J.: 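My structure is below; once you've seen it, I'll send some questions.
Throughout, numbering of the chain's residues begins at 1 and tracks the sequence. Keep in mind it's a predicted model, so treat the numbers as computed, not measured. Remember, it's 1-based here, ligands and their atoms both numbered in the order they're listed.
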Amino acid sequence: MKYTIEVKDLCFRYYSKEEDTLQGINLKVEKGEVLTIVGLSGNGKSTLCHCISGIFNHLDKGSLRGEILLNGRSLKDLSRVDIIKQIGIVFQDPDTQLFSPTVEDEIAFGPENLCLETDVITYRIDDALRVVGMEEFRFSNPNHLSGGQKQLIALASVLSLEPEIFIFDEAMSQVDKAGKLLIKNKIKALKKQGKAIIMIEHDLSNLDISDRVMVLREGKLFDFNGSLS
Ligand SMILES: Nc1ncnc2c1ncn2[C@@H]1O[C@H](COP(=O)(O)OP(=O)(O)OP(=O)(O)O)[C@@H](O)[C@H]1O
């Protein structure tokens with residue numbers, strides 16, 4: 001069976017470190033599945049997200065061993081555009097993700113780079129803003145928004161790419177109760193559409209939308225019952 005995401009024996013070491021931050025990670029996510037990874041701060045969750053999303057293929061920050069497969073194809077064999085079309089990541093800190101002068105430009109950036117037709121881009125902006133309940137901020141400067149609003153715009157900018165795989169790295173950490181409900185409902189809808197989703201979470205109340213939970217501890221990934229992945 002081809003999994004949407006499959007990670008085999010992944011190890012990652014930052015050049016500035018003497019030990020591997022990720023140590024022999026194995027995981028699989030199917031179409032329509034939500035996998036949540038929990039773990040204490042500094043245990044490697046963001047590093048894992050950056051490896052899976054292909055960011056470390058392009059930013060030479062360390063050495064990566066093992067294999068990451070998207071729909072059966074190694075990440076190493078995919079171009080940057082192929083990866084962006086397949087996998088969307090919402091970063092933990094929205095300030096690292098938002099750089100456009102307006103919310104509209106921010107959401108349009110990905111689809112424009114995929115050279116989509118103008119009316120498709122407009123539709124995707126409208127839809128993404130509606131999903132995150134931020135229509136009234138369309139022409140606002142993202143820098144002037146609150147942390148939670150920035151997280152919602154970061155999510156909208158990934159939704160507009162319509163990838164098959166979503167990675168949410170604590171994407172709801174600054175969002176208020178109403179925003180969390182919107183995001184959770186959208187994740188449920190994405191799951192129904194057959195998207196594969198990896199969520200990194202600190203807040204255990206968000207686990208209700210997960211199919212499976214794994215724990216990352218000191219660079220190793222465990223099933224929730226404590227057995228090594
Ligand atoms: N760019 C980097 N260069 C060197 N070491 C790094 C870098 N980024 C992260 N690390 C280190 O890798 C380890 C794992 O960090 P990471 O951010 O992946 O953990 P995390 O579980 O996501 O933590 P948090 O929940 O606080 O975000 C930490 O020891 C961190 O200091």
Side-chain angles (χ1 to χ4, degrees), residues 5-29 34-68 70 75-76 80 83 87-99 146-155 157-158 165-176 179-180 183-184 187 196-210 212-229:
I5 308 173
E6 190 167 5
V7 175
K8 293 182 182 172
D9 292 324
L10 173 68
C11 299
F12 183 82
R13 180 179 301 193
Y14 288 102
Y15 290 134
S16 57
K17 297 247 161 144
E18 288 184 358
E19 288 190 356
D20 287 349
T21 293
L22 299 177
Q23 303 173 20
I25 303 286
N26 288 289
L27 66 84
K28 291 169 181 170
V29 189
V34 181
L35 168 67
T36 300
I37 298 175
V38 296
L40 296 178
S41 183
N43 276 250
K45 302 181 302 297
S46 294
T47 304
L48 177 59
C49 292
H50 292 170
C51 288
I52 296 176
S53 63
I55 292 170
F56 283 165
N57 276 13
H58 301 272
L59 295 178
D60 191 25
K61 287 200 169 183
S63 66
L64 187 155
R65 303 177 319 276
E67 195 145 40
I68 299 161
L70 302 186
L75 210 59
K76 291 179 205 142
R80 186 78 195 120
I83 295 173
I87 191 159
I89 176 167
V90 184
F91 293 101
Q92 186 174 23
D93 177 2
D95 285 323
T96 60
Q97 191 150 5
L98 306 177
F99 51 85
S146 71
Q149 289 170 328
K150 285 180 187 173
Q151 281 193 316
L152 291 169
I153 297 307
L155 170 64
S157 66
V158 171
I165 300 164
F166 286 85
I167 300 182
F168 299 111
D169 187 359
E170 293 184 43
M172 297 186 248
S173 57
Q174 301 175 56
V175 174
D176 64 13
K180 272 186 189 161
I183 295 181
K184 284 164 87 168
I187 292 175
I197 297 158
I198 296 181
M199 292 203 314
I200 304 296
E201 268 305 328
H202 259 137
D203 182 351
L204 300 187
S205 72
N206 294 332
L207 297 190
D208 55 345
I209 49 172
S210 306
R212 248 174 341 121
V213 181
M214 299 184 90
V215 183
L216 191 60
R217 198 166 62 229
E218 295 176 1
K220 296 192 178 85
L221 193 61
F222 299 85
D223 286 330
F224 206 55
N225 65 15
S227 52
L228 203 55
S229 69

J.: Is it true that R65 and D20 have a side-chain N and a carboxylate O under 4.0 angstrom from each other?
T.: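 Yes, R65 and D20 are salt-bridged.
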J.: Judged by atom type as modelled, is there a donor-acceptor pair below 3.5 Å linking the side chain of Q97 to the main-chain atoms of F91?
T.: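 A pair under 3.5 Å: yes.
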J.: Between S210 and V213, is there a donor-acceptor pair closer than 3.5 Å when you use the side chain of the first and the backbone of the second?
T.: no
J.: Do other residues, nucleotides or ligands put more than 12 heavy atoms under 6.0 Å from E67 CD?
T.: yes
J.: I'd like the residue list for ligand 1, meaning every protein residue with a non-hydrogen atom under 4.0 Å from the ligand.
T.: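 Its neighbours under 4.0 Å (heavy atoms only) are Y14, S16, K17, T21, L40, S41, G42, N43, G44, K45, S46, T47, K61, Q92, E170, H202, given by chain and number.
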J.: Does a side-chain heavy-atom distance below 4.5 Å link H202 with K45?
T.: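 With C-beta onward as the side chain, the pair touches.
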J.: What closest approach, in Å, do I68 and C51 show between heavy atoms, and which atom pair accounts for it?
T.: CD1-O, 3.4 Å
